[in-house]
J.: 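The following block contains the structure, expressed as structure tokens.
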Amino acid sequence: MGDKSTTKPAQNSPYVNTDDNVVNFMSDNPLNRLSHQRKDSTWLATTMAKESTRFVLFSNLHPVCIPAESRAHPAKASPSKQQHLLTVTHENIKSYLEEHEPVVVFLGISSQNTSPQGDSGKRSNSTQESSPAWFAVDATAMSLDQLKQFDSRVVLLAVYPGMMRIEPTDAAVYAQARALLAWHDRYRFCATCGCIATVEDAGYKRRCTNDDCRSLQGAHNTCYPRVDPTVIMAVSSVDQSRLLLGRGQKFPRSMWSCLAGFIEPGESIEDACRREVKEESGVCVGQVKYHSSQTWPMPSSLMIGCLAEALTSDITVDKTELDDARWFCREEVQQMMQRRHPQGLYLPPKQAIAHQLVLQWLKTANL
Ligand SMILES: NC(=O)C1=CN([C@@H]2O[C@H](COP(=O)(O)OP(=O)(O)OC[C@H]3O[C@@H](n4cnc5c(N)ncnc54)[C@H](O)[C@@H]3O)[C@@H](O)[C@H]2O)C=CC1
């Protein structure tokens, strides 16, 4: 599906994915995950203890961040609201690890030129080593005062919209770490037999402690981190002149977005798009084309972004799912995109795949 050579749109389709490399926010992870090292406990222990190794911290699944101005080049700093993940050394958190034995997840090894930013200023000189390793730590048992001892400017970023403020260079690392820590937070017990399940494979597996448990035989999805595929689609009207947008019940009052929903077991992406749009808005959808994807670690979605064509136009809103749904003409969509809509209506920010799908629709709609 990700292979663009196999996803070329049909001739005469108005949808042409002009961006060969769609890189959404939280994509393009700069870390090499080195999955083959996850079972090597000796290597992991040695790597964790290295001076150059960096630990990112989460408290109640909120990332511990510092303002982006702390970059090495303040002149190029982003607006002050931007945040970096705080990183600390093994020396900084050794006693916390020993005392609390928190969940620790190995994230990967950074290459020298692409490592995420956001050092606390208190870590050791990592430039001596070309490829520092990165780990994520559940630091929930640390008080805010303890966290502030690493850096007095630390903040805990809320999930949404807080995480939109994470610097793009750190965003994929945040997503990887949060998705895994959120999984451990909810799956402490074996889903097959209910016994305690312990962390294995550097945080990428949980193992049931009951020797008779069926989850210990074969590949069991109860042992591995969840990824929940979720479709999100920009639905174009039959004549391509309008876009279908909806308002979720928990959305800010004036925000509209693409319709979205979880893929059900045994369902294709295309079928899920058609079902979700029909259920939520009553609109029938025909052609569905893949556009791009976005990890959405709240807690474990993989957003599969599509461009779709409606076959019908009458709308019947499912009020249990949506507050409202309606067609918007191109001019209105542009006004919403540029935040100059007369009624103050707007779209999700550029970090959300919904925004990118609408942008693509604006670029390619055949008007
Ligand atoms: N990145 C983006 O641009 C956007 C992301 N999203 C995300 O897409 C996801 C789905 O959107 P909505 O349907 O509007 O969410 P929602 O939160 O309104 O609906 C979720 C409901 O779906 C059901 N459900 C079915 N399978 C589920 C599963 N595997 N996990 C959790 N709930 C499941 C539950 O009843 C739940 O209440 C949400 O996580 C939302 O945050 C939604 C819109 C834009």
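The chain is numbered in sequence order, starting from 1. One-based numbering, in listed order, for ligands and for the atoms of each.
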J.: Can you report which non-hydrogen protein atom sits closest to atom 2 (C) of ligand 1, along with the distance?
T.: Ile353 CG2, 3.8 Å

J.: Atoms of ligand 1 less than 4.0 Å from Ser301 heavy atoms?
T.: 39 (O)

J.: Heavy-atom distance to atom 43 (C) of ligand 1: which of Ile232, Val159, Leu259 wins?
T.: Ile232

J.: Which ligand 1 atoms, with their elements, are less than 4.0 angstrom from a heavy-atom of Asp228?
T.: 29 (N)

J.: Need the ligand 1 atom indices (1-based, order shown) with element for anything under 4.0 Å from a heavy-atom of Gly261.
T.: 13 (O)

J.: Might you work through the salt bridge (Lys or Arg N to Asp or Glu O under 4.0 Å) test for Lys148 and Asp145, ending with a clear yes or no?
T.: CA-CA 5 Å; Lys148 282 189 182 290; Asp145 281 346; over 6 Å; no

J.: Checking contacts now, so for atom 24 (N) of ligand 1, which I'm interested in, is there any protein heavy atom under 4.0 Å?
T.: yes

J.: Mark the output for Pro348 as yes if a heavy-atom distance to ligand 1 is under 4.0 Å, and as no if none is.
T.: no

J.: Where is the nearest protein heavy atom to atom 41 (O) of ligand 1: which residue, which atom, and how far?
T.: Trp296 NE1, 3.1 Å

J.: So, Asp239 and Arg242, do they make that salt bridge, N to O below 4.0 Å?
T.: no

J.: Number the atoms of ligand 1 from 1 as they appear, then name those within less than 4.0 Å of a heavy atom of Ala352, with their elements.
T.: 3 (O)

J.: Any nitrogen or oxygen of Lys250, main chain or side chain, under 3.5 Å from a nitrogen or oxygen of ligand 1?
T.: no

J.: Looking at Asp324 and Arg247, is any side-chain nitrogen of the basic one under 4.0 Å from a carboxylate oxygen of the acidic one?
T.: no

J.: Would you say the rings of Trp43 and Phe106 are close, in the sense that their centroids are separated by under 6.0 Å?
T.: yes

J.: Heavy atoms of the protein only: does one fall short of 4.0 Å from atom 34 (C) of ligand 1?
T.: no

J.: Do the charged groups of Glu332 and Arg326 touch, with an N to O distance under 4.0 Å?
T.: yes

J.: Is the shortest N/O to N/O distance between Ala354 and ligand 1 below 3.5 Å?
T.: yes

J.: So, does Trp134 use its side chain to make a donor-acceptor pair with the main chain of Phe55 at under 3.5 Å?
T.: no

J.: List the atom of Met233, the atom of Cys273, and the distance in Å for their closest heavy-atom pair.
T.: SD-SG, 3.6 Å

J.: Which heavy atom in Thr312 sits nearest to a heavy atom in Val238, and how many Å separate them?
T.: N-CG2, 4.0 Å

J.: Are any of the N or O atoms of Ala260 closer than 3.5 Å to those of ligand 1?
T.: yes

J.: Determine if the distance from atom 37 (O) of ligand 1 to the closest protein heavy atom is below 4.0 Å.
T.: no

J.: Between Thr230 and ligand 1, does any nitrogen or oxygen pair lie at a separation below 3.5 Å?
T.: no

J.: For ligand 1, does Gln294 get within less than 4.0 Å through its side chain, its backbone, both, or neither, judged by non-hydrogen atoms?
T.: side chain

J.: Against the six-membered ring of Tyr346, is Arg339 placed for a cation-pi contact (under 6.0 Å from the centre, within 45° of the normal)?
T.: yes

J.: What protein heavy atom sits nearest atom 18 (O) of ligand 1, and how far away is it?
T.: Glu321 OE1, 5.0 Å

J.: Can you pull out the closest protein heavy atom to atom 15 (O) of ligand 1? Residue, atom name and distance to 0.1 Å, please.
T.: Phe262 CE1, 4.3 Å

J.: Given Met303, Gln249, Glu264, which one has a non-hydrogen atom that is nearest to atom 6 (N) of ligand 1?
T.: Met303

J.: Could you check whether any side-chain heavy atom of Phe189 comes within less than 4.5 Å of a side-chain heavy atom of Ile196, counting everything from C-beta outward?
T.: yes

J.: Return yes if some donor-acceptor pair links the side-chain N/O of Asp40 with the main-chain N/O of Thr42 below 3.5 Å, else return no.
T.: yes

J.: Is Glu200 salt-bridged to Arg206, going by a charged N under 4.0 Å from an acidic O?
T.: no

J.: For atom 8 (O) of ligand 1, is there a protein heavy atom at a distance under 4.0 Å?
T.: yes

